[in-house]
Each structure stands twice: as structure tokens, then as C-alpha cells.
Amino acid sequence: TVFTNVGNDIADAIINGKYYMAKEYGIAFDVSGSFHSGLALSALESAQSFNALDNAIEGNLRIEDRSKRYINVEIKQTDNFFVISFENPLSTPVEVRSNSLIASTKTTGDHGFGLLNIKNTQEKNGGYIEVDANKHLILTVVIPR
């Protein structure tokens with residue numbers, strides 16, 4: 001069964017796969033909006049953009065109270081851009097500098113590469129990302145149309 005259809009085959013495949021993974025971990029998952037026209041990204045770049053869902057699932061697994069676990073994905077389209085927001089709760093505060101996470105709860109040395117890949121992909125294509133980590137983590141990805 002398909003959880004959602006956002007109008008892009010790669011995004012649909014990734015979102016639907018991550019939805020079922022999130023469901024197994026007791027993470028509420030909500031998607032709103034859709035792509036009304038095609039993304040000007042390669043398949044790999046589209047996949048990298050939705051890597052944020054892996055980060056969101058990982059962040060949720062640090063939330064002990066399963067009732068507070070959630071992922072919200074919102075897709076909007078303007079005349080010039082696609083705007084995709086990924087939101088999830090934070091277990092501990094993190095510092096954001098230059099739209100990169102500074103403080104980390106990961107113990108391995110590879111933290112932040114997913115975010116860096118998303119950032120580099122968008123900048124290479126004339127887009128950008130914004131990171132808000134006040135009460136929850138909100139990653140906004142802006143992709144030119």
C-alpha cells in the first residue's frame with residue numbers, strides 16, 4: 001500500500017519507504033503538499049535531498065517518550081522554487097552555525113555529512129538550506145524550479 005503520492009517518483013519511493021520504517025519505531029509521520037511540476041534535480045540529487053528523513057528518524061529514536069516522536073514533511077511550490085520542510089523533535093539542544101549543526105549527540109565521527117550533502121546538492125543547483133533547531137529541528141530545503 002502507498003502511504004502518499006507527492007508527484008515525484010523518487011520522492012514517493014523514499015517517503016513511502018521511510019514512512020513504514022518510522023511506523024515500526026512508533027513515529028507519527030505526516031506529509032502535506034506535492035510537486036505540481038518536475039524537480040530539476042538528478043535522481044541522485046533528489047535522493048540526497050530526502051536523506052533528511054534518515055536524520056529525522058535517527059533524531060526521533062533519541063526521544064524516549066514514543067508519544068512525542070514525529071516527522072512532518074511539507075512540500076510547497078512557488079513560481080521560482082520548491083520548498084521542502086522536514087521537522088522532527090530534538091532530544092537535546094543543538095547549535096546551528098552557517099546552517100550546519102555544530103553540537104552533536106552522535107558518538108561516531110560521521111555526523112553532519114548527510115546535512116552537508118543536502119546543503120552542497122542544493123547550492124550546486126542554485127538552492128539553499130535553512131536549519132532551525134530551537135524547540136525542534138526544522139530543515140528547509142529550497143530548490144529552484
Salt bridge (charged side-chain N to carboxylate O under 4.0 Å, His left out) with [X]: which residues, sequence neighbours excluded?
X	value
Glu74	Lys76
Asp54	Lys18
Glu87	none

Criterion salt bridge (charged side-chain N to carboxylate O under 4.0 Å, His left out) on Arg62 and Glu58, from CA distance to verdict: CA-CA 7 Å; Arg62 293 189 197 103; Glu58 204 172 286; 3.5 Å; yes
Pairwise side-chain contact, Tyr25 with Ile57, heavy-atom cut-off 4.5 Å (strictly under): yes
Non-hydrogen side-chain atoms of Asn88 and His136 separated by less than 4.5 Å: no
Closest heavy-atom pair and its distance - Ser49, Gln122: OG-NE2, 2.7 Å
Which residues pass the side-chain hydrogen bond (donor to acceptor under 3.5 Å, both in side chains) test with [X], sequence neighbours left out?
X	answer
Thr121	Gln48
Ser67	Asp65
Arg145	Ser37

Any residue meeting side chain to side chain contact (heavy atoms under 4.5 Å, CB included) with Asn134, in chain and number order, not counting sequence neighbours: Asp132
With sequence neighbours excluded, residues passing side chain to side chain contact (heavy atoms under 4.5 Å, CB included) with Asn120: Leu116, Glu123
Pairs flagged by ring-ring contact (aromatic ring centres under 6.0 Å, His included) wherever residues 54-84 is involved - sequence neighbours left out: Phe35-Phe82
Selection residues 34-50 - residue pairs positive for salt bridge (charged side-chain N to carboxylate O under 4.0 Å, His left out), sequence neighbours left out: Glu45-Lys124
Qualifying salt bridge (charged side-chain N to carboxylate O under 4.0 Å, His left out) pairs, either residue in residues 32-44, two or more places apart: none
Contacts under 3.5 angstrom, residues 7-14 side chains, donor-acceptor by atom type, not counting sequence neighbours:
residue	atom	partner	partner atom	Å
Asn8	OD1	Ile10	N	3.1
Asn8	OD1	Ala11	N	2.8
Asp12	OD1	Val6	N	2.5

